[in-house]
Amino acid sequence: MKTIVVVPCYNESKRLRQDDFLHYVEQNGDVAFLFANDGSRDNTLEVLQELTAKHERLLMLDIQPNGGKAEAVRKGMLYAAGQYKPDYIAFWDADLATPLDEIEPMAEWCDRGYDVVTGLRLMRLGAKVKRKTARHYLGRCFATVASMMLKLPVYDTQCGSKLFRREVVETIFQEQFITRWLFDVELLARYKQHYGVEKATQKIYEYPLFQWEDIDGSQLKSRDFFKAPLELMKIGRRYKNKD
């Protein structure tokens, strides 16, 4: 398998679009999905067991107890790297706010030599990027501060679709995250600290998504944005710039 996509799942039994995942693997032989059940309290585990029985490239990792999205992503990424050794490993929100059709275009940028490809939710002519107004402006304020802190020209840190070379996963996902909500920013900070600022500016690519849409029922609420300053401070202290 060229690419494994980790899908963290917590109480997703009613929102998981099973047919979309099944259809995608049937049409794309180089991609597999690893569903990381994060100690769900509904019947998500049973739903995933039924789904993964339908195709050999629909895989599952049951994580108990619930540890939060960041830890589910981390464990899923490391499991995929160690167990299956694909070229690339991604994580993707279960609600498919980012359509599955964006996986292959993102992987193509890794084919071109990038280490990390992260989705960019840029509202523009010709694209179908739909964001709720309040979340859009809160996100822009946050991303500006995160960019200043990281000293990297990143526009969108929090998009739930990111793809990595396996070697990078094996390096920057080893340790548990120090933040619960901002592990996306922490990953970029880890990459920069480990590989250096020059490589970070050359080997991380923000891929402008053609389609993205806010999906109702997200576990992340707008009020969680107000926890961001403290978590950014934690990241800033832990991953001090070496440039």
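Predicted model only: the values in this text are computed from it and were never measured.
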Discussion item. Rounded at 0.5 Å granularity, tell me how far CD in Gln158 sits from CG in Asp184.
Written reply: 4.5 Å
Discussion item. So Ile235 and Arg238, do their side chains get closer than 4.5 Å, heavy atoms only?
Written reply: no
Worksheet item: Is the backbone N or O of Tyr88 less than 3.5 Å from a side-chain atom of Arg166, with the two atoms forming a donor-acceptor pair by type?
Response: no
Worksheet entry | Criterion side-chain hydrogen bond (donor to acceptor under 3.5 Å, both in side chains) on Tyr10 and Asn66, from CA distance to verdict | CA-CA 8 Å; Tyr10 176 69; Asn66 169 259; 4.9 Å; no
Worksheet item: Does the Thr44 side chain pair with the main chain of Ser13, one donor and one acceptor, at a distance under 3.5 Å?
Response: yes
Fill in: Expected output: side-chain Trp181 to main-chain Ala228 donor-acceptor under 3.5 Å
no
Worksheet item: Do Phe164 and Phe173 have ring centroids that are under 6.0 Å from one another?
Response: yes
Fill in: Test item: Asp87 and Thr3 side chains (from C-beta on) under 4.5 Å apart, heavy atoms
no
Worksheet item: In terms of the angle between their ring planes, are Tyr205 and Tyr114 parallel, tilted or perpendicular, with boundaries placed at 30° and 60°?
Response: tilted
Worksheet item: Less than 4.5 Å apart, any side-chain heavy atom of Thr118 and any of Trp109?
Response: no
Worksheet entry | Any side-chain heavy-atom pair of Lys130 and Asp214 under 4.5 Å | no
Item to complete: For the pair Arg190 (side chain) and Glu175 (backbone), establish whether a donor and an acceptor sit closer than 3.5 Å, ignoring hydrogens and angles.
Response: yes
Worksheet item: Can Asp156 and Arg121 be counted as an ion pair, charged N to O under 4.0 angstrom?
Response: yes
Practice prompt. State, with a plain yes or no, whether a side-chain heavy atom of Ile63 is found less than 4.5 Å away from one of Asn37.
Written response: no
Item to complete: Measure the spacing between CE of Met233 and OG1 of Thr179 and express it to the nearest 0.5 Å.
Response: 13.5 Å
Discussion item. Looking at Arg180 and Ala70, would you say the former's side chain and the latter's main chain have a donor-acceptor pair under 3.5 Å?
Written reply: no
Item to complete: Please assess Asp62 against Gln64 for the test side-chain hydrogen bond (donor to acceptor under 3.5 Å, both in side chains), listing each intermediate value before the final yes or no.
Response: CA-CA 7 Å; Asp62 185 29; Gln64 299 291 341; 3.1 Å; yes
Item to complete: Examine distances only and state if a side-chain atom of Asp38 and a backbone atom of Gly67 form a donor-acceptor pair shorter than 3.5 Å.
Response: yes
Worksheet item: Is the backbone N or O of Cys110 less than 3.5 Å from a side-chain atom of Arg112, with the two atoms forming a donor-acceptor pair by type?
Response: no
Worksheet, complete the sentence: Closest non-hydrogen contact found for Leu163 with Ile103 is CD1-O, 4.3 Å
Worksheet item: With a 4.5 Å heavy-atom cut-off, do Val185 and Phe142 have their side chains touching?
Response: yes
Practice prompt. Describe, in one word, how the ring planes of Tyr79 and Tyr84 are oriented to each other, choosing from parallel (under 30°), tilted (30 to 60°) and perpendicular (over 60°).
Written response: perpendicular
Worksheet item: When the ring planes of Phe177 and Phe183 are compared, do they come out parallel, tilted or perpendicular, using 30° and 60° as the limits?
Response: tilted
Worksheet item: What distance separates Met77 CE from Lys162 NZ, expressed to the nearest 0.5 Å?
Response: 10.5 Å
Worksheet item: Rounded to the nearest 0.5 Å, what separation is found between the CD atom of Glu213 and the CG atom of Leu96?
Response: 11.5 Å
Worksheet item: In Å, rounded to the nearest 0.5 Å, how long is the span from CG of Leu51 to CZ of Phe35?
Response: 5.0 Å
Worksheet item: Only one of Glu186, Lys192, Met149 forms a side chain to side chain contact (heavy atoms under 4.5 Å, CB included) with Tyr239, so which one is it?
Response: Glu186
Discussion item. Contact between Asp30 and Met1 at the side-chain level, heavy atoms closer than 4.5 Å - yes or no?
Written reply: no
Item to complete: May I ask you to test the Leu182-Leu232 pair for a side-chain heavy-atom distance under 4.5 Å?
Response: yes
Worksheet, complete the sentence: Rounded to the nearest 0.5 angstrom, the CD1-CZ distance for Ile4 and Phe91 is 15.5 Å
Item to complete: Look at the side chain of Glu12 and the backbone N and O of Ala94, then say whether any donor-acceptor pair between them is shorter than 3.5 Å.
Response: no
